[in-house]
Engineer: 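A single structure is presented below for examination.
In listed order, ligands and their atoms are each counted from 1.
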Amino acid sequence: MLLVTGGCGFIGSAFVLEWLRHSDEPLVNLDLLTYAGHLGNLAGVAEHPAYRFVRGDIADADLVGRLLAEHRPRAVVHFAAESHVDRSIAGPLAFVQTNVLGTARLLQATLAYWESLQQPEARSFRFLNVSTDEVYGSLEPDEAPFAETRQYEPNSPYSASKAAADHMVRAWFHTYGLPGLTTHCSNNYGPRQFPEKLIPLVIHNAIKGLPLPVYGDGQQVRDWLHVNDHCSAIRAVLERGAPGETYNIGGRSERTNLTVVNTICSALDTLRPRADGRGYAGQITHVEDRRGHDRRYAIDDRKIAAQLDWGPATHFDTGIRDTVKWYLGNAAWVESVTSGSYRQWIEQQYPTPRGA
Ligand code: NAD
Ligand code: TYD
């Protein structure tokens, strides 16, 4: 069986749903249910015989130790994190607490369990650390995409905290032999992404008639990947990846933020035209840039393609259209996650201009 952390978040829930669709191998999901975690994301599998949910903190080593001893997993798939760059700028210590200390405690508890295993279980055990391309820092427009050999240059408190976690996974492998692997994935999009991130925020604001906030000139570039493709890459790394290795995962879909926002607007123009007949692009509003904003991320995915035979299956234009359709069809989900703490964040991050 598998122990998944952070399975109630955006990517973790997609992974759990996909896992239970493809396999009858049991899975325990340990999630603290922070503002970003929603039980409703996994309502469809709550009663599945192979699924169990435990509410708790990855930093609670006693709890993690008990879960490992009771369920004896063959792998830990570690998604749990504070994941939003803007929140890390507003309050970095929560990112140190969860992403750095939380991962260290999880590693320690996992190490104790792994050291208790006999062969062949110890040899086949895996600790899969789900990380980000943001640890590599920012690319110039004409620079080659990030390969696994790229130097770490994290620029935000979020990416610095993820980089620290990656280094610990590496060190626990080299020092203790714990069979850890790290994946570095580019920006994900798809259903159930919390509407603080660019794509769901823009869809949400567009249909509410609100401004679509584009930071700075909107020419920053991200490499977008559908969340289900990220999950298929994680499954490939889990089954065929080599301990101690790192794998970069990307969508081969570099887009400027302005292009992404315009693509969403065009999809909405056909799927849900505005009552006044005008285009949603008219709601685009340039706002103050993010502090320390990375200009460009892009992934060189040749290693995972060649060694694990993985590549993205979803084209960006199709994936975005399906994502817009999902948000239009799931207004109740959006309503339920955009209550209290969401409104507080939006008010802090996008203050109403004075005099408006
Ligand atoms: P998310 O913010 O949607 O979900 C995070 C989940 O972790 C939530 O369910 C939350 O309740 C849980 N969690 C937080 N702190 C916890 C703790 N102390 N103990 C247990 N659970 C806790 O994040 P996401 O977008 O699904 O990202 C998942 C992972 O993938 C993260 O590690 C992130 O760094 C990484 N990643 C994300 C992206 C992306 O585009 N979203 C890209 C690459 C990598
Ligand atoms: P985001 O979804 O927060 O992901 P990340 O910062 O991890 O890449 O942001 C994606 C890009 O969109 C990033 O360049 C910042 C930009 N952005 C905006 O322009 N406006 C917004 O309101 C948000 C949330 C992000």
Side-chain angles (χ1 to χ4, degrees), residues 4-16 29-39 41-42 54-60 63-64 77-89 94-95 97-99 101-103 105-106 129-135 138 156 158-159 161-162 165-166 182-190 192-202 205 211-225 227 230-231 234 249-251 255-258 260-261 284-290 293-297 299 337 345-346 349-350:
V4 167
T5 72
C8 294
F10 164 49
I11 304 172
S13 62
F15 180 85
V16 171
N29 169 20
L30 171 65
D31 195 301
L32 188 57
L33 296 179
T34 67
Y35 79 93
H38 300 280
L39 266 187
N41 288 348
L42 292 171
V54 176
R55 184 172 190 194
D57 193 334
I58 53 165
D60 183 345
L63 170 66
V64 175
V77 185
H78 178 35
F79 294 97
E82 289 292 337
S83 69
H84 188 37
V85 173
D86 292 317
R87 285 187 192 253
S88 83
I89 296 167
F95 287 69
Q97 182 62 40
T98 296
N99 302 356
L101 270 174
T103 301
R105 296 219 168 96
L106 179 68
N129 173 45
V130 179
S131 188
T132 165
D133 59 354
E134 304 192 22
V135 297
S138 186
S156 71
Y158 163 66
S159 53
S161 69
K162 292 295 289 184
D166 298 355
T182 290
T183 55
H184 297 285
C185 190
S186 58
N187 286 59
N188 285 211
Y189 67 94
R192 294 177 299 276
Q193 186 171 30
F194 195 68
E196 64 186 355
K197 306 271 168 69
L198 178 69
I199 289 178
L201 181 104
V202 164
N205 281 16
L212 312 181
V214 169
Y215 296 164
D217 62 5
Q219 295 307 311
Q220 304 81 5
V221 172
R222 300 291 184 262
D223 176 3
W224 293 94
L225 178 73
V227 65
H230 187 185
C231 293
I234 291 171
I249 304 166
R255 300 282 188 285
T256 66
N257 291 341
L258 214 44
V260 169
V261 175
I284 293 175
T285 310
H286 287 267
V287 298
E288 195 181 332
D289 209 350
R290 171 186 280 174
H293 200 171
D294 283 338
R295 201 68 185 161
R296 174 175 167 240
Y297 306 137
I299 289 283
V337 304
W345 165 251
I346 293 297
Q349 179 67 6
Y350 309 95

Engineer: Would you say Phe194 touches ligand 1, if touching means a heavy atom closer than 4.0 Å?
Structural biologist: no
Engineer: Give the ring-plane orientation class for His38 versus Phe194, where under 30° counts as parallel, over 60° as perpendicular and anything between as tilted.
Structural biologist: parallel
Engineer: What distance do His286 atom NE2 and Leu258 atom CG have between them, rounded to the nearest 0.5 Å?
Structural biologist: 5.0 Å
Engineer: Decide whether the shortest distance between a heavy atom of Leu33 and an atom of ligand 1 is less than 4.0 Å.
Structural biologist: yes
Engineer: Measure from the side-chain N and O atoms of Asn41 to the backbone N and O of Ser13, and report whether any donor-acceptor pair falls under 3.5 Å.
Structural biologist: no
Engineer: Take every heavy atom of Tyr158, measure it against each atom of ligand 2, and state whether any distance is under 4.0 Å.
Structural biologist: no
Engineer: To the nearest 0.1 Å, how far is atom 4 (O) of ligand 2 from its closest protein heavy atom, and which atom is that?
Structural biologist: Asn187 ND2, 3.3 Å
Engineer: What part of Leu201, side chain from CB on, backbone N/CA/C/O, both or neither, has a heavy atom under 4.0 Å from ligand 2?
Structural biologist: side chain
Engineer: Between Arg87 and Glu196, is the closest basic N to carboxylate O distance under 4.0 Å?
Structural biologist: yes
Engineer: Below 4.0 Å from ligand 2: does a non-hydrogen atom of Gln349 turn up there or not?
Structural biologist: no
Engineer: Name the one of Asn99, Thr182, Asn129 that satisfies side-chain hydrogen bond (donor to acceptor under 3.5 Å, both in side chains) with Asp166?
Structural biologist: Asn129
Engineer: What part of Leu198, side chain, backbone, both or neither, has a heavy atom within less than 4.0 angstrom of ligand 2?
Structural biologist: both
Engineer: To which protein heavy atom is atom 3 (O) of ligand 2 closest, and what is the distance rounded to 0.1 Å?
Structural biologist: Arg290 NH2, 3.1 Å
Engineer: Would the distance check show the side chain of Thr183 and the main-chain N or O of Cys185 forming a donor-acceptor pair, the cut-off being under 3.5 Å?
Structural biologist: no
Engineer: Could you tell me, atom by atom, which parts of ligand 1 come under 4.0 Å of a heavy atom of Asn187?
Structural biologist: 40 (O)
Engineer: Ignoring hydrogens, just give me the one of Ala81, Gly6, Gly37 whose non-hydrogen atom is nearest atom 5 (C) of ligand 1.
Structural biologist: Ala81
Engineer: Quick check: Asn257 and ligand 2, any N/O pair under 3.5 Å apart?
Structural biologist: yes
Engineer: Can you name the atoms of ligand 1, numbered from 1 with element, that are less than 4.0 Å from a heavy atom of Thr34?
Structural biologist: 10 (C), 11 (O), 14 (C), 15 (N)
Engineer: If I take atom CD1 from residue Ile11 and atom CG from residue Asn188, how far apart are they, to the nearest 0.5 angstrom?
Structural biologist: 4.0 Å
Engineer: For atom 1 (P) of ligand 1, which candidate among Ser186, Ser159, Ser83 provides the closest heavy atom?
Structural biologist: Ser83
Engineer: Closest non-hydrogen protein atom to atom 9 (O) of ligand 1, residue and atom name please, with distance?
Structural biologist: Asp31 OD2, 2.6 Å
Engineer: So that I can tick it off, tell me whether Asp217 and Arg295 are bridged by a salt bridge, with the cut-off set at under 4.0 angstrom between side-chain N and carboxylate O.
Structural biologist: yes
Engineer: Which residue and atom name correspond to the protein heavy atom nearest atom 22 (O) of ligand 2, and how close is it?
Structural biologist: Tyr350 OH, 2.6 Å
Engineer: Ligand 2 and Tyr297, any nitrogen or oxygen pair closer than 3.5 angstrom?
Structural biologist: no
Engineer: Between Tyr215 and Val287, does the side chain to side chain contact (heavy atoms under 4.5 Å, CB included) criterion hold? Intermediate values first, please.
Structural biologist: CA-CA 5 Å; Tyr215 296 164; Val287 298; 3.6 Å; yes
Engineer: Identify the closest protein heavy atom to atom 20 (N) of ligand 2: which residue and atom is it, and at what distance?
Structural biologist: Pro213 O, 2.8 Å
Engineer: What's the shortest distance from atom 4 (O) of ligand 1 to any protein heavy atom, and which residue and atom give it?
Structural biologist: Gly9 CA, 3.4 Å
Engineer: Say whether, by atom type as modelled, one donor and one acceptor occur between the side chain of Asp223 and the main chain of Gly251 under 3.5 angstrom.
Structural biologist: yes
Engineer: Quick check for you: to the nearest 0.5 Å, what is the distance between Asn29 atom CG and Thr5 atom OG1?
Structural biologist: 8.5 Å
Engineer: If you take the nearest heavy atom of each of Ala80, Ser161, Gly7, which one is closest to atom 7 (O) of ligand 1?
Structural biologist: Ala80
Engineer: Yes or no: does Tyr158 have any heavy atom under 4.0 Å from an atom of ligand 1?
Structural biologist: yes
Engineer: In the protein, which heavy atom is nearest to atom 18 (N) of ligand 1, and how far is it?
Structural biologist: Asp57 OD1, 2.8 Å
Engineer: Among protein heavy atoms, which lies nearest atom 38 (C) of ligand 1, and at what distance?
Structural biologist: Ile11 CD1, 3.6 Å
Engineer: Give the atom numbers and elements of ligand 1 that come within less than 4.0 Å of a heavy atom of Cys8.
Structural biologist: 9 (O)
Engineer: I'd like to know if Ser131 contacts ligand 1, where contact means a heavy-atom distance under 4.0 Å to any ligand atom.
Structural biologist: yes
Engineer: Just which atoms of ligand 1 are under 4.0 Å from any heavy atom in Gly56?
Structural biologist: 19 (N), 20 (C)
Engineer: Numbering the atoms of ligand 1 from 1, which are under 4.0 Å from a heavy atom of Ala36?
Structural biologist: 2 (O), 8 (C)
Engineer: To the nearest 0.5 Å, tell me how far Ser161 OG sits from Glu82 CD.
Structural biologist: 9.0 Å
Engineer: Answer side chain, backbone, both or neither: which part of Val130 comes under 4.0 Å from ligand 1, heavy atoms only.
Structural biologist: both
Engineer: Considering only protein heavy atoms, which is closest to atom 25 (C) of ligand 2, and at what distance to one decimal place?
Structural biologist: Tyr215 CE1, 3.6 Å
Engineer: I need the nearest protein heavy-atom contact for atom 7 (O) of ligand 2: residue, atom name and distance, please.
Structural biologist: Glu134 OE2, 2.6 Å
Engineer: Between Lys162 and ligand 1, which residue portion shows a heavy-atom distance shorter than 4.0 Å: side chain, backbone, both, or neither?
Structural biologist: side chain
Engineer: May I ask whether Ala14 places a heavy atom under 4.0 Å from ligand 1?
Structural biologist: no
Engineer: So which heavy atom in the protein is nearest atom 29 (C) of ligand 1, and how far is it from that ligand atom?
Structural biologist: Phe79 O, 3.2 Å
Engineer: Using a 4.0 Å heavy-atom cut-off, say whether Ala59 meets ligand 1 through its side chain, its backbone, both or neither.
Structural biologist: neither
Engineer: Relative to ligand 2, is His293 under 4.0 angstrom through side chain, backbone, both or neither, heavy atoms considered?
Structural biologist: side chain
Engineer: Side chain or backbone, does Val214 bring an N or O within less than 3.5 Å of an N or O on ligand 2?
Structural biologist: no
Engineer: Can you tell which part of Val260 has a heavy atom less than 4.0 Å from ligand 2: side chain, backbone, both or neither?
Structural biologist: neither
